[in-house]
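Letters A, B, ... are given to chains in the order of the sequence lines, protein chains preceding strands, and every chain is numbered from 1.
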Number of protein chains: 2
Amino acid sequence: MTTQTSLTIGRIAQSAGVAIDTIRFYEREGLLPEPRRRPSGYREYDASAVSRLRFIRRAKDLGFTLEEIRELLALSADRHVGVEGVRERAAARLKAIDDRIAELQRVRDGLAELVEACPGHGAPEDCPILNALAEPNP
Amino acid sequence: MTTQTSLTIGRIAQSAGVAIDTIRFYEREGLLPEPRRRPSGYREYDASAVSRLRFIRRAKDLGFTLEEIRELLALSADRHVGVEGVRERAAARLKAIDDRIAELQRVRDGLAELVEACPGHGAPEDCPILNALAEPNP
DNA sequence: CTAGACCCTTGAGCTAGGTCGAGAGTCAAG
DNA sequence: CTTGACTCTCGACCTAGCTCAAGGGTCTAG
């Protein structure tokens, strides 16, 4: 038999490394199921809530939005198309990250060129950075 | 002599490719100087306002925040330490972008590994993605 | 002169993901 | 029983960078 653990919101916040307010926020947002309550109204959790919170945190670290995480959580409970869906979402996220990196790289290179060309002194009109920012075309 | 052009907010918005509301917003935020007004209250701009708007747009594309752009604009008018300051800010921005790219790359690699390891079918317990998200350590 | 396009101000709302405060009730140790 | 830590709800606020609505005045072509 499984031991029925009973954790307060403060305890799971501590275990999962998130703020109490964040947990209540996730509950409102449907990322966490509404937990049972003590007669006093206190929320009562078991260990699975901690896993779920960690799941959310990990996914967030991977750049998923809360909306996407909601989907992942739904899929993770689906024994039929769940894994397929999860893989799809992860692949999509991966592509989004790749796109973002490519975009940043483009910006980075443009900026690096300007910084290298700039002597760091002299008249504003001779600064390639300022000139690039001010020039009329595109 | 320079021809005194007189442009309405709609015209410079058009020329610079930004929304009218955005221009008024920039004015409130101190990115654009308060223009002179017609007796009716209409704002009157000259061509330099368009340059300035383009400057802002370019800088934004390079990832500068409006706060940073305010600084750049101030520096660009400074004939003494202006160029030095601009170069410093640009270098700092470059470093921030590099850091961000490195961070994204890290996330990307982690995610790519999981996606590759995931068969895309089978039981949720066998999905490396779900397992990685749910596992108890850090 | 009039219609329609343009402009004015003030103030609110939006996104995403929380974060905080007030005011009140509850729990556990001593 | 008391005290201090914990929890409850509700609602407001935060960042950044806009974006929109309401209600009104202005400009210009015909």
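Considering all non-hydrogen atoms of both residues, Ser76(A) and Val86(A) come closest at N-CG2, 4.5 Å.
Along DNA chain C, the nucleotide closest to Pro39(A) and the one closest to Thr22(A) are compared, and the more 5′ of them pairs with Thr22(A). Sequence order on DNA chain C of the closest nucleotides to Ile20(B) and Arg28(B) puts Ile20(B) first from the 5' end. For Tyr45(A) and Glu67(B), each mapped to the nucleotide of DNA chain D holding its nearest heavy atom, the one lying further toward the 5' end belongs to Tyr45(A).
For Glu71(A), the side-chain hydrogen bond (donor to acceptor under 3.5 Å, both in side chains) test picks out Arg89(A), with sequence neighbours left out.
Interface remark: the Tyr42(B) side chain does form a donor-acceptor pair with the dG25(D) base, using a distance-only criterion of under 3.5 Å.
Contact check for Tyr26(A) versus Leu66(A): side-chain heavy atoms found under the 4.5 Å cut-off.
For Leu66(B), taking side-chain heavy atoms from C-beta onward, the closest of the listed nucleotides dG17(D), dC27(C), dT9(D) is dG17(D). For Thr8(B), counting side-chain heavy atoms from C-beta on, the closest listed nucleotide (dC18(D), dC7(C), dC8(D)) is dC7(C). Proximity note for Ile9(A) (side chain, C-beta onward) versus dT7(D), dT26(D), dT19(D): the nearest is dT7(D). Listed nucleotides: dC8(C), dG18(C), dC27(D). Nearest to the side chain of Lys60(A): dG18(C).
Close to dT9(C), at under 4.0 Å from its OP1 or OP2, lies no side-chain N or O of Arg24(B). Using a 4.0 Å cut-off, no side-chain N or O of Arg38(B) falls inside it from OP1 or OP2 of dC6(C). Contact between the side-chain N/O atoms of Arg43(B) and the OP1/OP2 oxygens of dC7(C) is not found at any separation under 4.0 Å.
Distance Ile23(A) CD1 to dT19(C) C1': 14 Å, rounded to the nearest Å. We find that CZ of Arg37(B) is positioned 16 Å from C1' of dC27(D), with the value rounded to whole Å. Rounded to whole Å, atom C1' of dG17(C) lies 11 Å from atom CD1 of Ile69(A). In this structure, the CD atom of Glu68(B) is 10 Å from the P atom of dA16(D), given to the nearest Å.
Judged by distance alone, the side chain of Arg87(B) and the main-chain N or O of Cys118(A) form a donor-acceptor pair under 3.5 Å.
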